[in-house]
J.: 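A single structure is presented below for examination.
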Amino acid sequence: MPRGRPAKPKLAIAVPAIDPDRRDRLRLALLDWYDRHRRVLPWRAEPGRPADPYAVWLSEIMLQQTTVAAAGPYFRAFLDLWPRVTDLAAARREAVLARWAGLGYYARARNLHACAEVVADRHGGRFPDTEAGLLDLPGIGAYTAAAVASIAFDRPTVPVDGNVERVCARLFAIATPLPDAKPELRARAAQFAHDHRPGDFAQAMMDLGATLCTPRRPACHRCPWSGDCAAEAAGIADTLPARLPKGDRPVRHAVAFITLRAADGAMRIRTRPDAGLLGGMTEVPGTPWEEGAPWDQAAALAHAPLSPQGWRLLPGVVVHVFTHFRLEARVMLRHLDRAEAAALDAAEAGETGDPRWCPPQDLGRAGLPSVMAKLVEHARIGTGQPGLPL
DNA sequence: GAATCGTGGGA
DNA sequence: TTCCCAAGATT
């Protein structure tokens, strides 16, 4: 037993118990609204049909911090390529990462594959059907465990995402700003847990937040809870939930080196380390990304592949915004003849990241994250050949 | 527990 | 242009 300070019991925040009659009234009103306005989404089973746990899980991972519009095409492509979790588990990890390219938050893709392997190898290809069992899997946190448990397995639990936080903040007029309000909002939402249609209720809460109880200009007059919402009554729905002000985004500077083999137009690429930003994804070589001033050209060229000579600085700056910083990158371009390309191969033989040549027609399959695709496209414009296969 | 981790679309 | 934000998880 660990000594010292006893483990802090993670007690749920105490909130006033909701009146059971009001809870049931709200639940039924929302479910009725859901039955009439239910959205058709690629991962959603027909009404009355059982949900496929694999499809539910796949969609929930893709939808983390991601819009429905962005996730849709990826969901269809994944389900088409890998119809069952065992198919995904058997796929090569690089293939999964390449197919995820462009969707962002690449740890999701690494965990997606790891999770599929666990389900295939240790759970006989079936997802655990309890919230606790799901929570043990890689990439599944509190929200996703509750979402899959309720939607796929009819467990009486309420997943709390950004939509549900907003809906509850308004319904109960909770003025505490996010993220401080999260424990209270979770406790409020949990009081809606019920055996009756838990999966539909979960999706109804999220649909409500996505279509009526929106961040700006909520459509309270069309809300199934109109007349029963504290924020609406107080006329403050559009001000909730409050948020703590965010810090400003620093700027990082970089120089990317696009190396083309003159003979066939192949581009030099490599794989980033598994940990950290864009982990495991394909990149073009470049300087470190550093805050402060833009790179001095000579200093940047010290990081150039092969040698500092022969590079051409392309006009313009590529700007890409990440969650916690903004990248401003210049692009340098160089064509290598046969001898130089061979010298580069020799110089980089055995380096980590498997530096390699990628023929232009294979660039699409390489799975470049968006920032890398932007850099490559910038080089194409620089070479006067924009819009070639990517 | 704060920091990290992408991207694209809309106001 | 800039800001916000979207079905969060991990360390």
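Reminder, nothing fancy here: chain letters follow the sequence lines and each chain counts from 1. These values consider heavy atoms only, across backbone and side chains, with no hydrogens, waters or symmetry-generated copies.
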J.: If we only count heavy atoms from C-beta on, is the A/Q191 to A/R23 side-chain gap below 4.5 Å?
T.: no
J.: Evaluate the side-chain proximity of A/L306 to A/T259: yes if any heavy-atom separation is below 4.5 Å, no if none is.
T.: no
J.: Measure from CD on A/E377 to P on B/dG8 and round the result to the nearest Å.
T.: 13 Å
J.: Would you say a side-chain N or O of A/H324 is under 4.0 Å from OP1 or OP2 of B/dC5?
T.: yes
J.: Hey, is the side chain of A/S370 poking within less than 4.0 Å of OP1 or OP2 on B/dT7, counting only N and O atoms?
T.: yes
J.: Take the protein atom CG of A/L244 and the nucleotide atom P of B/dA2, then report the distance between them rounded to whole Å.
T.: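 Value for this atom pair: 10 Å.
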J.: Check whether the ring centres of A/H194 and A/F192 lie less than 6.0 Å apart, and answer yes or no.
T.: no
J.: Output, in order, the C-alpha distance, side-chain angles, deciding distance and verdict of ring pair (Phe, Tyr, Trp, His ring centres under 6.0 Å) for A/F322 and A/H320.
T.: CA-CA 7 Å; A/F322 292 89; A/H320 191 79; 4.8 Å; yes
J.: Quick one: are A/L137 and A/P128 in side-chain contact, heavy atoms under 4.5 Å?
T.: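 They are in contact (side-chain heavy atoms under 4.5 Å apart), so the answer is yes.
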J.: A side-chain contact here means heavy atoms from C-beta on lying under 4.5 Å apart; do A/T271 and A/E94 qualify?
T.: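 When only atoms from C-beta onward are counted, A/E94 and A/T271 do not touch, as no gap falls below 4.5 Å.
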J.: How is A/V371 classified with respect to the nucleic acid when contacts are heavy atoms under 4.0 Å: base, sugar-phosphate, or nothing?
T.: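 A/V371: backbone/sugar contact only, no base atoms under 4.0 Å.
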J.: Would you mind classifying the nucleic acid contact of A/P159 as base, sugar-phosphate or nothing, using non-hydrogen atoms under 4.0 angstrom?
T.: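 Counting heavy atoms under 4.0 Å across all strands, no contact is made by A/P159.
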J.: Would you kindly give the CZ-to-C1' distance between A/F322 and B/dT4, to the nearest whole Å?
T.: 12 Å
J.: Figure out the CZ/C1' separation between A/R326 and B/dG6, and round it to whole Å.
T.: 15 Å
J.: Rounded to the nearest angstrom, tell me the gap between atom CZ in A/R217 and atom C1' in B/dA11.
T.: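 Interatomic distance, CZ of A/R217 to C1' of B/dA11: 11 Å.
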J.: Would you give a per-nucleotide map of nucleotides 6-11 of chain C, 5' to 3', where B means the base has a protein non-hydrogen atom under 4.0 Å away, S means only the sugar-phosphate does, and - means neither?
T.: BBBSS-
J.: B/dT4 C1' sits how many Å from A/F325 CZ, rounded?
T.: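 In whole Å, B/dT4 C1' and A/F325 CZ are 10 Å from each other.
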J.: Once you apply a heavy-atom cut-off of 4.0 Å, does A/G279 come out as touching a base, just sugar-phosphate, or nothing?
T.: nothing
J.: Taking C/dT11 as the reference, what is the distance to B/dG6 when you measure between their P atoms (whole Å, please)?
T.: 14 Å
J.: Using the P atom in both, what is the distance from B/dA11 to C/dA7, to the nearest Å?
T.: 15 Å
J.: Ignoring backbone atoms, establish whether A/H320 has a side-chain N or O less than 4.0 Å from OP1 or OP2 of B/dG6.
T.: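 For B/dG6, neither OP1 nor OP2 has a side-chain N or O of A/H320 closer than 4.0 Å.
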J.: Are there over 12 heavy-atom neighbours, none belonging to A/R99, within less than 6.0 Å of that residue's CZ?
T.: no
J.: What is the distance from CZ of A/R272 to C1' of B/dG6, rounded to the nearest Å?
T.: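 One finds 12 Å between C1' of B/dG6 and CZ of A/R272, rounded.
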J.: What is the distance, rounded to the nearest whole Å, between atom CZ of A/R249 and atom P of B/dG6?
T.: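 Distance, rounded to whole Å: 13 Å.
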J.: Please give the distance between the P atoms of C/dA6 and B/dC5 as a whole number of Å.
T.: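 My reading of the P atoms in C/dA6 and B/dC5 gives 22 Å.
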